[in-house]
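Have a look at the structure below before the remarks.
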Amino acid sequence: MNELTPESLELVRDHTVYACVMGSRAFGLATEASDTDRRGVYLAPTPLFWRFDKPPTHVEGPRDEEFSWELERFCELALRANPNILECLHSPLVERVTPVGEELLSLRAAFLSRRAHTSFSRYAASQHGKLVADVRIHGAPRWKHAMHLLRLLLSCRDLLRTGRLTIDAGPHRDRLLAVRRGELAWDEVDAWMARLTKESDAALTTTPLPESPDHARVSDFLHRARRASAG
């Protein structure tokens with residue numbers, strides 16, 4: 001992570017265009033012990049790019065559990081269907097939004113495509129491998145991580161089925177929290193994960209999502225934002 005400098009602090013403080021709460025609170029899975037994970041997007045003033053030292057692509061802080069991306073980096077990752085980035089655009093807990101942020105949110109559908117199947121699946125496979133390793137070494141997985149992986153798999157399946165990304169896990173809250181508490185056997189949890197993976201694969205064959213995101217629309221938005229920032 002990059003070090004928090006006065007300049008990076010200023011970028012988050014003065015140039016954030018969109019900020020939201022993510023994690024369990026946004027997913028409808030919060031408990032009394034849940035942290036407040038904040039995510040944001042800042043638009044670095046265009047003149048800062050005219051120097052040899054470019055503005056940072058991301059900033060960690062200044063508050064605990066806070067992380068922000070520069071607008072271009074955020075859009076780049078969203079076009080790649082990065083799960084964490086796409087979910088940020090769909091948080092129900094928005095803390096700050098400027099006109100540029102409003103336009104960014106209006107582009108939610110432009111970022112969605114069948115690429116989500118690949119990106120979500122790869123991320124899920126990586127996380128599943130870590131859980132399996134925990135079971136092998138410690139006899140049990142990290143149940144909180146197992147809960148969040150199940151939530152991600154549910155989100156991916158429903159995205160492919162409907163063409164809409166929904167991050168609220170409310171309908172599955174009770175069972176997911178039971179997983180977090182370790183009340184379900186690992187074999188049962190693992191079978192649920194495998195079933196959701198198969199359902200996502202099946203949904204890909206009939207998904208209403210386009211083959212690729214609307215890169216031209218996002219590029220036009222970014223160009224206009226940069227030009228307006230140039231003053």
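Remember, it's a predicted structure, so these values are computed and weren't measured experimentally. The basis for the numbers below is simple: all heavy atoms, side chains too, and nothing from hydrogens, waters or symmetry mates.
- Although no hydrogens or angles enter the test, the distance criterion places no donor-acceptor pair under 3.5 Å between the side chain of Ser68 and the main chain of Val12.
- Residues Glu65 and Arg38 are not paired through a salt bridge, judged by the lack of any N-O separation under 4.0 Å between the basic side chain and the carboxylate.
- For CG of Asp53, the number of neighbouring non-hydrogen atoms (other residues, nucleotides, ligands) closer than 6.0 Å is 12 at most.
- In summary, Arg39 and Glu66 do not engage in a salt bridge, as defined by a charged side-chain N under 4.0 Å from a carboxylate O.
- Under a 3.5 Å cut-off, the side chain of Ser229 and the backbone N or O of Thr46 do form a donor-acceptor pair.
- Looking only at distances, no side-chain donor or acceptor of Ser121 sits under 3.5 Å from a matching main-chain atom of Thr118.
- Of the possible donor and acceptor atoms, one in the side chain of Thr207 sits under 3.5 Å from a partner among the backbone N and O of Leu209.
- Listed by first and then second residue, the ring pair (Phe, Tyr, Trp, His ring centres under 6.0 Å) pairs involving residues 116-143 amount to none (not counting sequence neighbours).
- Minimum heavy-atom separation, Glu7 to Pro55: OE2-CA, 4.3 Å.
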Open item on the list: Between Leu29 and Met147, is the side-chain contact (heavy atoms from CB on, under 4.5 Å) condition met? List the steps.
Closed with: CA-CA 9 Å; Leu29 297 171; Met147 176 193 72; 4.1 Å; yes

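- Distance CG/Leu89 to CZ/Phe74: 4.0 Å, rounded to 0.5 Å.
- For Arg96, the salt bridge (Lys or Arg N to Asp or Glu O under 4.0 Å) criterion is met by no residue, not counting sequence neighbours.
- When all heavy atoms of Ala146 and Met193 are compared, the pair lying nearest together is O-CE, 3.6 Å.
- Residues Phe27 and Arg173 form no side-chain contact, since every pair of their non-hydrogen atoms from C-beta on lies 4.5 Å or further apart.
- The cluster map of Ile, Leu, Val, Met, Phe, Trp and Tyr, joined by side-chain heavy atoms under 4.5 Å apart, puts Trp69 and Val94 in the same cluster.
- The cluster map of Ile, Leu, Val, Met, Phe, Trp and Tyr, joined by side-chain heavy atoms under 4.5 Å apart, puts Val132 and Leu196 in the same cluster.
- Between Ser24 and His148, some side-chain heavy-atom pair lies under the 4.5 Å cut-off.
- For the pair Leu165 and Leu159, the minimum side-chain heavy-atom distance is below 4.5 Å.
- Between the side chain of Thr16 and the backbone N or O of Gly40 there is no donor-acceptor pair closer than 3.5 Å.
- Between Leu222 and Glu72, the shortest heavy-atom distance links the atoms CD2-CG, 3.6 Å.
- Between His172 and Trp192, the ring planes are tilted. Angles from 30° to 60° get that label.
- Atoms CZ and CG, from Arg157 and Leu152 in turn, are 12.5 Å apart once rounded to the nearest 0.5 Å.
- Looking at Glu70 and Lys54, no side-chain N of the basic residue comes within less than 4.0 Å of a carboxylate O on the acidic one, giving no salt bridge.
- The line from CG of Leu104 to SG of Cys75 is 5.5 Å long, rounded to the nearest 0.5 Å.
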TODO: Mind running side-chain contact (heavy atoms from CB on, under 4.5 Å) on His90 and Arg164 for me, showing each step along the way?
DONE: CA-CA 10 Å; His90 294 78; Arg164 298 185 302 275; over 6 Å; no

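- In this structure, Leu153 and Ser200 have side chains that are not in contact, with every pair of non-hydrogen atoms separated by 4.5 Å or more.
- Under the 4.5 Å side-chain criterion, counting only non-hydrogen atoms from C-beta, Leu11 is in contact with Pro45.
- Ion pairing between a basic and an acidic side chain is recognised when a charged N comes within 4.0 Å of a carboxylate O; Arg224 and Asp220 show such pairing.
- The minimum heavy-atom distance linking Ala178 with Leu184 is given by the pair CB-CD1, 3.6 Å.
- Checked against salt bridge (Lys or Arg N to Asp or Glu O under 4.0 Å), Arg217 has no partners two or more places apart in sequence or in another chain.
- Atom CD of Glu95 is separated from atom OG1 of Thr36 by 8.0 Å, given to the nearest 0.5 angstrom.
- With respect to the salt-bridge test (charged N to carboxylate O, under 4.0 angstrom), the residues Glu87 and Arg151 qualify.
- Judged by distance alone, the side chain of Thr98 and the main-chain N or O of Gly101 form a donor-acceptor pair under 3.5 Å.
- Note: Trp186 CH2 to Asp134 CG = 9.0 Å, rounded to the nearest 0.5 Å.
- Across all their heavy atoms, Gly23 and Asp37 have their closest contact at CA-OD2, 3.7 Å.
- Under the side chain to side chain donor-acceptor pair (under 3.5 Å) criterion, Arg180 pairs with no residue, sequence neighbours left out.
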TODO: Could you walk me through whether Leu43 and Arg226 pass the side-chain contact (heavy atoms from CB on, under 4.5 Å) test, one step at a time?
DONE: CA-CA 8 Å; Leu43 174 60; Arg226 284 272 189 259; 3.3 Å; yes

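- Every residue two or more places apart in sequence or in another chain was checked for a salt bridge (Lys or Arg N to Asp or Glu O under 4.0 Å) with Glu10, and none qualifies.
- Listed by chain and number, the residues in a ring-ring contact (aromatic ring centres under 6.0 Å, His included) with Phe111 amount to none (sequence neighbours excluded).
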Open item on the list: Evaluate Ser8 against Thr5 for side chain to side chain donor-acceptor pair (under 3.5 Å), listing each step before the verdict.
Closed with: CA-CA 5 Å; Ser8 59; Thr5 64; 3.2 Å; yes

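- Leu71 and Val100 get closest at one heavy-atom pair: CD2-CG1, 4.4 Å.
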- [ ] Show your reasoning for whether side-chain contact (heavy atoms from CB on, under 4.5 Å) applies to Glu211 and Arg115.
- [x] CA-CA 7 Å; Glu211 192 69 34; Arg115 293 179 184 177; over 6 Å; no

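- Looking at Tyr18, its side chain does come within 3.5 Å of a backbone N or O of Cys88 through a donor-acceptor pair.
- With Arg114 contributing its side chain and Ser212 its backbone, the two residues share no donor-acceptor pair below 3.5 Å.
- Side chain of Arg51 to main chain of Leu48: a donor-acceptor pair is present (N/O by atom type, distance under 3.5 Å, no hydrogens or angles).
- Exactly one residue among Val97, Leu105, Val41 makes a side-chain contact (heavy atoms from CB on, under 4.5 Å) with Val17. That residue is Val41.
- To the nearest 0.5 Å, atom CG of residue Leu86 and atom CD1 of residue Ile167 are 11.0 Å apart.
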